[in-house]
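Side chains are part of it too, since the values below use all heavy atoms of this structure and drop only hydrogens, waters and symmetry mates. Here, residue 1 is the first one in the sequence, and each next residue gets the next number. Both counts, for ligands and for their atoms, begin at 1 and track the order of listing.
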Amino acid sequence: MADTKQQWFKDAKFGLFIHWGLYAILAGEYKGQKTDRIAEWIMNYLNIPREEYEKLAEQFDPVNFDAEDIVKRAKAWGMRYIVFTSKHHEGFAMYHSECSPYNSVDATPCKRDILKELQLACEKYDMKLGLYYSQAQDWHDPDGYVAKKDNSHINYRNYLDRKCLPQLREILTNYGKIAILWFDTPMGTTPEESVEMVKLVKELQPECIINGRIGNELGEYMTTGDNFIPRLPYEGDWEVPATLNDTWGFNKDDHNWKTPEEIIQLLVKINSRGGNYLLNIGPDGTGKVPEKSFEILDKVGAYVQANQEAIFATKRMPYEPYELSWGVLTCKEHRLYAHIFRPVSSRIQILNIENTFKRAYLVETGEELVFEPGRTCEDDAYIEVEIPKAYQDKAYYCIGMEMEEEMPVFAPIHA
Ligand code: FHN
């Protein structure tokens, strides 16, 4: 069972992923050719030669990037950590790297160390900072892996010694406390090579958590597939990396945004099953985050803030019901929470929680609610909670219930 042994990660529940690199300048289109796939893969999908692609760095002048603004907003949305792409598969470092001039300071007119800006903003607003680093795929380095292409000629060892390991050392040395090292697509990385990376991370920052995509089962928590939610509550520490539309990097033609309501439901569903939701934004080539992302996240943030106690530090539901026709349950210690996503009429009923209920209340206001525990003719325990008149045609609110006994942490749900 994956265990980070770090309470902050177990309690965090909601984080912000930021995918940003040179691909944002192309925004899904190169020389009139578009990609309708994830836009940060444009170099790979459209077979853009390395010498052509790297010229994008000369255009990198993100006048609209404001690290503080993003961090402040993430805080307001209730997010507890940020994971930023220090180097994605394209190979471009978004910080001042000594071991490769292909970076946001040396190769650009703006000469900005983006990671430093983000680090300072995170420190100022007390936000945990994690770093994404593409350890195997590097489409710029002749010895890095390139997915979907022939890799028989590469000398991965060479790339590890020249670029990957030295860059990991840099990002773990020059940018303060790093909460997570977020590896991705290990490709042909051997167990020994993954161990080298783990050792380096832990030598430099013993408390830095390593995600599941280090590969070779060496991660300290499970990273699910992109946008993939386990069907049932899942044991241990885990996280779902997810998009707001269909891309990570900015794509000007991707307007397939999820609604705020969908995102709230996904967040609570993931929390109810025991996981964290790492939700992405992709700034454009100038560093501006799409307005639509803000619009969605402002609404999600309003729900999260109003119902914080029913989200943060919750535990996975130990047994059914996890979901009901009107919404999803979360729990922690002596409390059970009913997140209501569809209007219910005058009451809700929750079956099968064997406990003594002491109190029911509206989480956002603290208003006490009338409740009645009982047993069905089949002798199943239930609790019924009366919905106040003003809420009877509403959705997206939460009811808290206090119980005599703590919810058990574990029950053999996969039996
Ligand atoms: O290939 C990457 C992709 O571009 C993106 O970074 C996601 C985020 O989880 N990870 C890989 C695909 O799973």
Side-chain angles (χ1 to χ4, degrees), residues 2 14-28 30 35-48 53 56 79 81-94 114-115 118 130-141 144-149 151 164 167 171 180-189 194 197 209-216 219-230 237-251 254 256 258 263 266-267 270 275-285 289 293:
F14 198 20
L16 180 70
F17 216 164
I18 306 176
H19 272 72
W20 197 33
L22 296 179
Y23 42 79
I25 296 171
L26 295 180
Y30 184 69
T35 174
D36 57 1
R37 299 178 188 230
I38 45 181
E40 70 282 4
W41 274 67
I42 191 165
M43 178 178 177
N44 186 294
Y45 287 133
L46 300 187
N47 296 309
I48 306 175
Y53 188 89
L56 288 172
M79 289 157 161
Y81 61 109
I82 290 179
V83 177
F84 174 65
T85 49
S86 62
K87 185 206 79 168
H88 202 266
H89 310 329
E90 65 177 2
F92 184 74
M94 294 292 276
I114 302 297
L115 177 51
L118 202 55
L131 295 180
Y132 174 108
Y133 187 86
S134 175
Q135 76 273 37
Q137 289 204 71
D138 191 308
W139 305 334
H140 187 257
D141 193 290
Y145 277 100
V146 185
K148 305 178 196 301
K149 304 276 157 38
N151 289 295
C164 172
Q167 285 203 329
I171 57 179
I180 299 177
L181 214 311
W182 214 99
F183 291 101
D184 204 8
T185 67
M187 305 275 302
T189 310
S194 295
M197 295 176 203
I209 300 174
I210 295 171
N211 77 325
R213 295 198 190 160
I214 178 75
N216 298 304
E220 292 170 284
Y221 69 84
M222 197 256 292
T223 311
T224 70
D226 297 343
N227 292 299
F228 179 82
I229 304 178
D237 296 339
W238 55 275
E239 177 194 62
V240 179
T243 50
L244 272 175
N245 48 0
D246 291 329
T247 184
W248 303 90
F250 178 72
N251 185 334
D254 183 344
N256 194 23
K258 296 173 189 75
I263 297 290
L266 289 166
L267 168 68
I270 291 166
N276 290 354
Y277 193 27
L278 182 63
L279 190 54
N280 185 69
I281 55 170
D284 70 13
V289 177
S293 305

Measure from every N or O atom of ligand 1 to the protein's N or O atoms and keep only the pairs below 3.5 Å, writing each with atom names and distance to 0.1 Å.
| residue | atom | partner | partner atom | Å |
| --- | --- | --- | --- | --- |
| ligand 1 | 1 (O) | Trp41 | NE1 | 2.9 |
| ligand 1 | 1 (O) | His89 | NE2 | 2.7 |
| ligand 1 | 4 (O) | Glu40 | OE2 | 2.5 |
| ligand 1 | 4 (O) | Trp41 | NE1 | 3.0 |
| ligand 1 | 4 (O) | His88 | NE2 | 3.2 |
| ligand 1 | 6 (O) | His19 | NE2 | 2.7 |
| ligand 1 | 6 (O) | His88 | NE2 | 2.8 |
| ligand 1 | 6 (O) | Asp184 | OD2 | 3.4 |
| ligand 1 | 9 (O) | Arg213 | NH1 | 3.0 |
| ligand 1 | 9 (O) | Asp226 | OD1 | 2.7 |
| ligand 1 | 10 (N) | Asp184 | OD1 | 3.4 |
| ligand 1 | 10 (N) | Asp184 | OD2 | 2.5 |
| ligand 1 | 10 (N) | Arg213 | NH1 | 3.3 |
| ligand 1 | 13 (O) | Arg213 | NH1 | 3.1 |
| ligand 1 | 13 (O) | Asp226 | OD1 | 3.4 |
| ligand 1 | 13 (O) | Asp226 | OD2 | 2.7 |

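- For Asp246, there are no salt bridge (charged side-chain N to carboxylate O under 4.0 Å, His left out) partners, not counting sequence neighbours.
- Legend: residues meeting salt bridge (charged side-chain N to carboxylate O under 4.0 Å, His left out) with Asp138, ordered by chain and number and at least two apart, are Lys87, Lys163.
- Of all heavy-atom pairs between Leu131 and Val83, the closest is C-CG1, 4.2 Å.
- Of all the heavy atoms in Trp182 and Asn211, the pair that sits closest is CD2-ND2, 3.2 Å.
- For the salt bridge (charged side-chain N to carboxylate O under 4.0 Å, His left out) test, residues two or more places apart in sequence or in another chain that qualify with Asp184 are Arg213.
- Note: Phe17 and Tyr132 have tilted aromatic rings, judged against thresholds of 30 and 60 degrees for the angle between ring planes.
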